[in-house]
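Only one structure is covered here, and it is reproduced in the block below.
If you read the sequence from its start, that first residue is 1, and numbering goes on from there.
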Amino acid sequence: MKRKMPTILILFVMVLIGAMYWVDLSYYTDYATGFLLAGSVWARYAVLLLPAVMAFLGMRTVGAGGISALRVKNYALAAAFGLAALSGGVYGIARLVAAVTELSVYSGIMGILCLGYAVWMGLCAVHFALQKEAAPTRSAVFGVAASLPFFMLAISRVMVRPTSLYRVAPFVASVSAIIAILWFSLFLRAAYVAMPQRLARLLYFAGVFLFLFGACLEFPGAVHRALFFDAGFAALAEGAAMGALGLVGGVLSVSIAGRAPDAPEEDLDPD
C-alpha cells in the first residue's frame, strides 16, 4: 500500500486542479466564446506541468509485475468499470433519443456505438469481479469496437467543432478524447496480450492523465454547463461518461503501481 501512495497523491493533486478549473469556469471564462476574461491562458497550461512531472516520476513505481494486477480479482476496478458501463449506457440512450428528435445521423451512430461500449465495459466489470477467464471476452474485436465512440468524439471535437489553445474548455475536451483513445489501445493490449514493462508504465501515465482530463476537467465542465447554461442532458451524459472512464484510468493506474520490480514476469512480453 505504501508504494501506491505516490499515485494516490498524484490523483489528489489532479482533483485540486479540477477544483481550480471549476473556479476558472465560473469567474474567469466567457461561456459564449470560451475565451478567458482574465489572466494568461499559458498560466493555465503551466499548472499541468506539476502533475505531468509527478506522473512521470510515478511511472517508476510500476514494476515488472505491474500488469499482473489485471490477472487477479479487483473489486475497485470492477466498480469503476461498472460505473463506466452505466454512464456509457445512459449516454448511448441519450444519443439515440437525440437522433430521433433531431434527425441526426451522427447521434444515431454514436448512440449505437456507446451502447456497445457500455456492454463491453460491463463485461470488464464482471471479469475483474470474478476473474474466471484470462480476458474480459474471448476476442479483442469486441474491445476494439468499444473504443470506436472515442474516435468519433475526437474527430468531432478536433475537426468539426472550433477549438484553439486560447479556448480552454474546447481544448480540454479535444485532449480528453485523444487521451481516451491512447489509454484504450494500451488497455486492450494489457487485457488481451502480454505487455512489457515499458508499455505498462505508459498505460499508467495515460491512465493518470485520463483521470485528470476526463474526471477532473471535462466532467466538472459538463456539470457547470448543465447547471448554469442549460447545456442539455446529452452534453451532461457525455461529460459523465468521460468522467467515469477517467475514474477507470485512475483506479487502474493505482492498481498497477507498487508492484515489486522482482515480481513474476509470466504476463510480460518476452521482448
Side-chain angles (χ1 to χ4, degrees), residues 11 69-99 107-154 173 176-177 179-192 203 206-220 222-223 226 233-256:
L11 298 185
L70 305 183
R71 310 291 188 250
V72 297
K73 290 183 180 180
N74 190 322
Y75 295 114
L77 267 180
F81 272 96
L83 180 61
L86 177 62
S87 61
V90 172
Y91 177 52
I93 294 173
R95 275 299 183 185
L96 289 177
V97 172
S107 292
I109 296 175
M110 178 64 83
I112 294 172
L113 292 178
C114 284
L115 290 180
Y117 159 80
V119 171
W120 187 78
M121 295 297 275
L123 292 175
C124 288
V126 174
H127 169 71
F128 285 113
L130 302 179
Q131 280 291 346
K132 290 186 176 181
E133 302 291 340
T137 57
R138 292 187 177 183
S139 173
V141 174
F142 197 1
V144 173
S147 69
L148 294 180
F150 302 102
F151 285 91
M152 290 193 64
L153 272 181
S176 178
I179 293 177
I181 293 173
L182 173 62
W183 180 87
F184 228 103
S185 63
L186 291 169
F187 175 70
L188 289 176
R189 170 73 186 269
Y192 291 96
L203 174 63
V208 166
F209 265 80
L210 181 60
F211 178 80
L212 171 62
F213 278 88
C216 300
L217 297 181
E218 182 169 350
F219 176 58
V223 174
F233 179 74
L236 177 61
E238 181 176 299
M242 290 301 298
L245 183 64
L247 180 63
V248 171
V251 173
L252 191 141
S253 293
V254 173
S255 298
I256 65 177

Exercise. Which residue pairs pass the side-chain hydrogen bond (donor to acceptor under 3.5 Å, both in side chains) test when at least one of the two sits in residues 112-124, sequence neighbours left out?
Worked result: Trp120-Tyr192

Exercise. Any side-chain heavy-atom pair from Ser253 and Phe211 closer than 4.5 angstrom?
Worked result: no

Contacts under 3.5 angstrom, residues 138-151 side chains, donor-acceptor by atom type, not counting sequence neighbours:
{"residue": "Ser139", "atom": "OG", "partner": "Val141", "partner atom": "N", "Å": "3.1"}
{"residue": "Ser147", "atom": "OG", "partner": "Val144", "partner atom": "O", "Å": "2.6"}

Problem set entry | Val248 vs Trp183 side-chain heavy atoms within contact, under 4.5 Å | yes

Return a table of donor-acceptor pairs under 3.5 angstrom between the side chains of residues 121-134 and protein atoms on other chains or two or more places apart.
{"residue": "Gln131", "atom": "NE2", "partner": "Leu70", "partner atom": "O", "Å": "3.1"}
{"residue": "Gln131", "atom": "NE2", "partner": "Val72", "partner atom": "O", "Å": "3.1"}

Exercise. So which heavy atom on Tyr91 is nearest to which on Ala241, and how close?
Worked result: CB-CB, 4.3 Å

Problem set entry | Non-hydrogen atoms of Gly249 and Leu210 that approach each other most closely | CA-CD2, 4.3 Å

Problem set entry | Taking every non-hydrogen atom, the tightest pair across Ala191 and Pro136 | CB-CD, 4.1 Å

Exercise. For Ala235, which residues count as a side-chain contact (heavy atoms from CB on, under 4.5 Å) partner, sequence neighbours excluded?
Worked result: Ala231

Problem set entry | Non-neighbouring partners of Ala173 that pass side-chain contact (heavy atoms from CB on, under 4.5 Å), sequence neighbours left out | Arg157

For a quick test of your reading: what N or O donor-acceptor pairs under 3.5 Å do the side chains of residues 108-115 make, sequence neighbours left out?
none

Problem set entry | Minimal non-hydrogen separation, Ala215 against Pro220, with atom names | O-CD, 3.3 Å

For this session: If a pair satisfies salt bridge (Lys or Arg N to Asp or Glu O under 4.0 Å) and one of its residues is in residues 80-98, list it, with sequence neighbours excluded.
Result: Arg95-Glu238

Exercise. Looking at CD of Glu218 and CG of Leu245, how far apart are the two atoms once the value is rounded to the nearest 0.5 Å?
Worked result: 10.0 Å

Distance-only donor-acceptor pairs under 3.5 Å for side chains of residues 73-90, two or more places apart:
{"residue": "Asn74", "atom": "OD1", "partner": "Ala76", "partner atom": "N", "Å": "3.2"}
{"residue": "Asn74", "atom": "OD1", "partner": "Leu77", "partner atom": "N", "Å": "3.0"}
{"residue": "Asn74", "atom": "ND2", "partner": "Ser255", "partner atom": "OG", "Å": "3.1"}
{"residue": "Ser87", "atom": "OG", "partner": "Leu83", "partner atom": "O", "Å": "3.1"}
{"residue": "Ser87", "atom": "OG", "partner": "Ala84", "partner atom": "O", "Å": "3.0"}

